[in-house]
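Input: a single structure, listed below in structure tokens.
Please read these numbers as outputs of a predicted model, since none were measured by experiment.
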Amino acid sequence: MDKELKRIITVLVGICILFVSLVAYLSYFQVFKAESIKMNSYNKRLWINEEKILRGSIIDRDGKILAYSEKEGETYKRIYNYGSLYSHIIGYSYREYGKVGLELEYNNALLNISDSTPLNELKNIVIPNTEGNTLKLTIDHHIQEYARNLLKGKKGSIVAMNPKTGEMYAMVSLPDFNPSALKENWSNIVEDENSPFLNRATSGLYTPGSTFKVITAVAAIEKTDLDREYECKGSTKIDGYVLKDYNSKAHGKLSLEEALVKSCNTYFAEKGVLIGKEKLGEVTERFMINKKIPFDLPTAKSTFPYKDNIGKTDIAAASIGQGKVLVTPLNMALVASSVANKGEMVKPILVKEIISPEGKVIRQSQPQTISRGADIFTANEVKNMMVEGVKRGTSKNASIKNIRVAGKTGTAENPSGKAHAWFIGFAPADDPQIAVAVVLEEEGSTGGQAAAPIARNIMIEAINTIK
């Protein structure tokens, strides 16, 4: 009898363990994985309402139609009016290939349906919607088209935004793809080693080069006991590692301002070591590096692993935007925007409004501060340094007649052997209307030669176009 009882108890314990394991397993997916599974582009539940609802249109800030749907037999066909121009913003919506971009992130809004719950499912059955909502973007079609033409034939990204409101005016990533021709080109796109599906603006991680010196300059100002004077001899040795300035040029006696204007590597490397990894790391995180940037599209996280066991050479390299620092163009546009906006970093916005089929605005995005990169006095000091950099330094090719421009170039070494060319900046410096980040991937040229002129043209066009 004892043996029988023990067997029964063993079986019951086993059943209980299996039951608890099942509950834990299901709870894990419900609590931690539900959202990602629900929004997976291959989730067939995303398509339940597709055949009975006219998917909403997507328009630019002035009402120009960028994407819409039309009836084709018993189903709806999605039309992308401008080919590849918005491939990394709008994305695509296909049964065969799923959804990406705003088509995925705003799927429910475009179909005018509520989140999937039993009550909402019942509502959709009883009172079905037949037409989706319209997404009105902050993007200016002319600036988007203009930016892409400037980038044509290159790999890289341009991000142009309003530093005060966070509104995106243009966000270009090349190479791109034509969402209207996915069926014909899917295999070629997937196998292309240049990764046309990658949104370089939000998910491309690059060594920032000297554009990162803007952040190091903030840290230098905040470290009040730091001696800001320096004698540049063209090279320096840190922990046995020799670090050189561009063309090994000796700049002589330098202040912090002159060091930023002339983009002196040895100055920022040595001062970065004195600032220390903790202070440098704290400042970088205020500029959203190592943090997730809230945005209407998925974003990669910029990184500076200062909490790791890194030595003086790593800190020196990071201080000039080399080594273990990686950033997205979106993040660097926000760095420029923060300096422009008196130190306040405003949340980037891509979707301005959601408009009902009846024409009513049912959701409107408002400016929202997500971080303070620096106080108003420090931001103003760095801004003035960046203005001097455009006037008489490495950023001269970004200058605009009769307009004060603030900027910083970057020439970032990377394993391919060809440097990335960078520029970040804003204009007009005293009342900023436009902030930009330009990165030219493996350009093999300096940021001042290659990226600054592109940024200049974008800023001119935006100031003249956007009201």
Side-chain angles (χ1 to χ4, degrees), residues 88-89 138-140 142-152 154 156-174 200-202 204 206 208-215 287 293 295 327-341 345-346 348-350 373 382-383 386-387 389-390 394-400 403-412 420-441 443 446-466:
H88 291 114
I89 296 176
T138 60
I139 294 290
D140 181 280
H142 171 70
I143 299 299
Q144 177 76 6
E145 194 170 47
Y146 185 79
R148 188 183 184 280
N149 285 335
L150 288 175
L151 203 59
K152 194 172 182 180
K154 301 178 181 293
S157 177
I158 296 174
V159 177
M161 63 184 291
N162 185 314
K164 298 175 183 176
T165 66
E167 293 185 3
M168 287 285 154
Y169 294 146
M171 194 175 73
V172 177
S173 172
L174 286 184
R200 285 163 162 80
T202 60
Y206 298 93
S210 294
T211 58
F212 192 84
K213 291 172 184 172
V214 170
I215 296 175
F287 284 98
I293 295 171
F295 194 45
V327 298
T328 64
L330 173 64
N331 203 154
M332 293 313 291
L334 289 172
V335 170
S337 292
S338 182
V339 175
N341 196 37
M345 185 181 288
V346 179
I349 299 170
L350 193 53
V382 173
K383 177 194 78 175
M386 293 171 71
V387 168
V390 174
T394 60
S395 301
K396 284 187 292 187
N397 285 338
S399 62
I400 302 171
I403 293 178
R404 275 183 18 120
V405 178
K408 183 70 194 80
T409 57
T411 307
H420 302 321
W422 275 94
F423 180 88
I424 63 171
F426 52 91
D430 298 321
D431 183 21
Q433 299 173 36
I434 178 75
V436 297
V438 176
V439 61
L440 306 177
E441 189 176 317
E443 181 71 6
T446 67
Q449 291 171 335
I454 290 175
R456 171 187 181 275
N457 290 338
I458 287 289
M459 289 188 283
I460 291 173
E461 201 69 18
I463 290 169
N464 291 336
T465 300
I466 301 170

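For the pair A421 and A450, the tightest heavy-atom approach, listed with the atom from each and the gap, is CB-CB, 4.0 Å. Taking each heavy atom of A435 and P163 in turn, the nearest pair found is N-CD, 3.9 Å. Across A170 and Q144, no two heavy atoms sit closer than the pair CA-OE1, 3.2 Å.
In this structure the side chain of I454 never reaches within 4.5 angstrom of the side chain of F423, judged on heavy atoms. The shortest distance between side-chain heavy atoms of M386 and V214 falls below 4.5 Å. Contact check for Y206 versus P329: side-chain heavy atoms found under the 4.5 Å cut-off. For the pair L350/I89, a side-chain contact is recorded, criterion being any heavy-atom separation below 4.5 Å from C-beta on. Contact annotation: the side chain of I143 never approaches that of I434 to less than 4.5 Å [non-hydrogen atoms, C-beta and beyond]. No side-chain heavy atom of R404 sits under 4.5 Å from any side-chain heavy atom of V390. When side chains are defined from C-beta on, M459 counts as touching V436, because their heavy atoms get closer than 4.5 Å. For the pair V172/K152, no side-chain contact is recorded, criterion being any heavy-atom separation below 4.5 Å from C-beta on.
Expressed to the nearest 0.5 Å, how far NZ of K154 lies from CG of L174 amounts to 11.0 Å. The CD atom of E443 lies 11.0 Å from the NE2 atom of H420; values are rounded to the nearest 0.5 Å. Rounding to the nearest 0.5 Å gives a distance of 9.5 Å between CD1 of I158 and OH of Y146. The distance from atom CD of E441 to atom CZ of R200, rounded to the nearest 0.5 Å, is 4.5 Å. A distance of 10.5 Å separates CG in N397 from CG in N457, rounded to the nearest 0.5 Å. Within the model, atoms CD1 of I458 and CG of L151 stand 9.0 Å from one another, a figure rounded to the nearest 0.5 Å.
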* To do: Check step by step if side-chain contact (heavy atoms from CB on, under 4.5 Å) holds for M171 and T202.
  => CA-CA 9 Å; M171 194 175 73; T202 60; 3.9 Å; yes
* Check the pair V439 / S157 against side-chain contact (heavy atoms from CB on, under 4.5 Å), numbers first and verdict last. => CA-CA 5 Å; V439 61; S157 177; 4.1 Å; yes
* To do: Output, in order, the C-alpha distance, side-chain angles, deciding distance and verdict of side-chain contact (heavy atoms from CB on, under 4.5 Å) for W422 and V327.
  => CA-CA 12 Å; W422 275 94; V327 298; 3.9 Å; yes
* **Audit row: V159, M168, side-chain contact (heavy atoms from CB on, under 4.5 Å) steps and yes/no** => CA-CA 8 Å; V159 177; M168 287 285 154; 3.7 Å; yes
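No donor-acceptor pair closer than 3.5 Å links the side chain of S338 to the backbone N or O of L334. With T138 contributing its side chain and I349 its backbone, the two residues share a donor-acceptor pair below 3.5 Å. A donor-acceptor pair under 3.5 Å links the side-chain atoms of T446 to the main chain of Q449, judged by distance alone. For N341 (side chain) and S337 (main-chain N/O), no donor-acceptor pair under 3.5 Å exists by modelled atom type. Not a single donor-acceptor pair under 3.5 Å links the side chain of Q433 to the backbone N or O of P428. The main-chain N or O of Y169 is never found under 3.5 Å from a side-chain atom of D140 such that the two would form a donor-acceptor pair.
Atom NZ of K396 sits in a sparse spot, with 12 or fewer heavy atoms from other residues, nucleotides or ligands closer than 6.0 Å.
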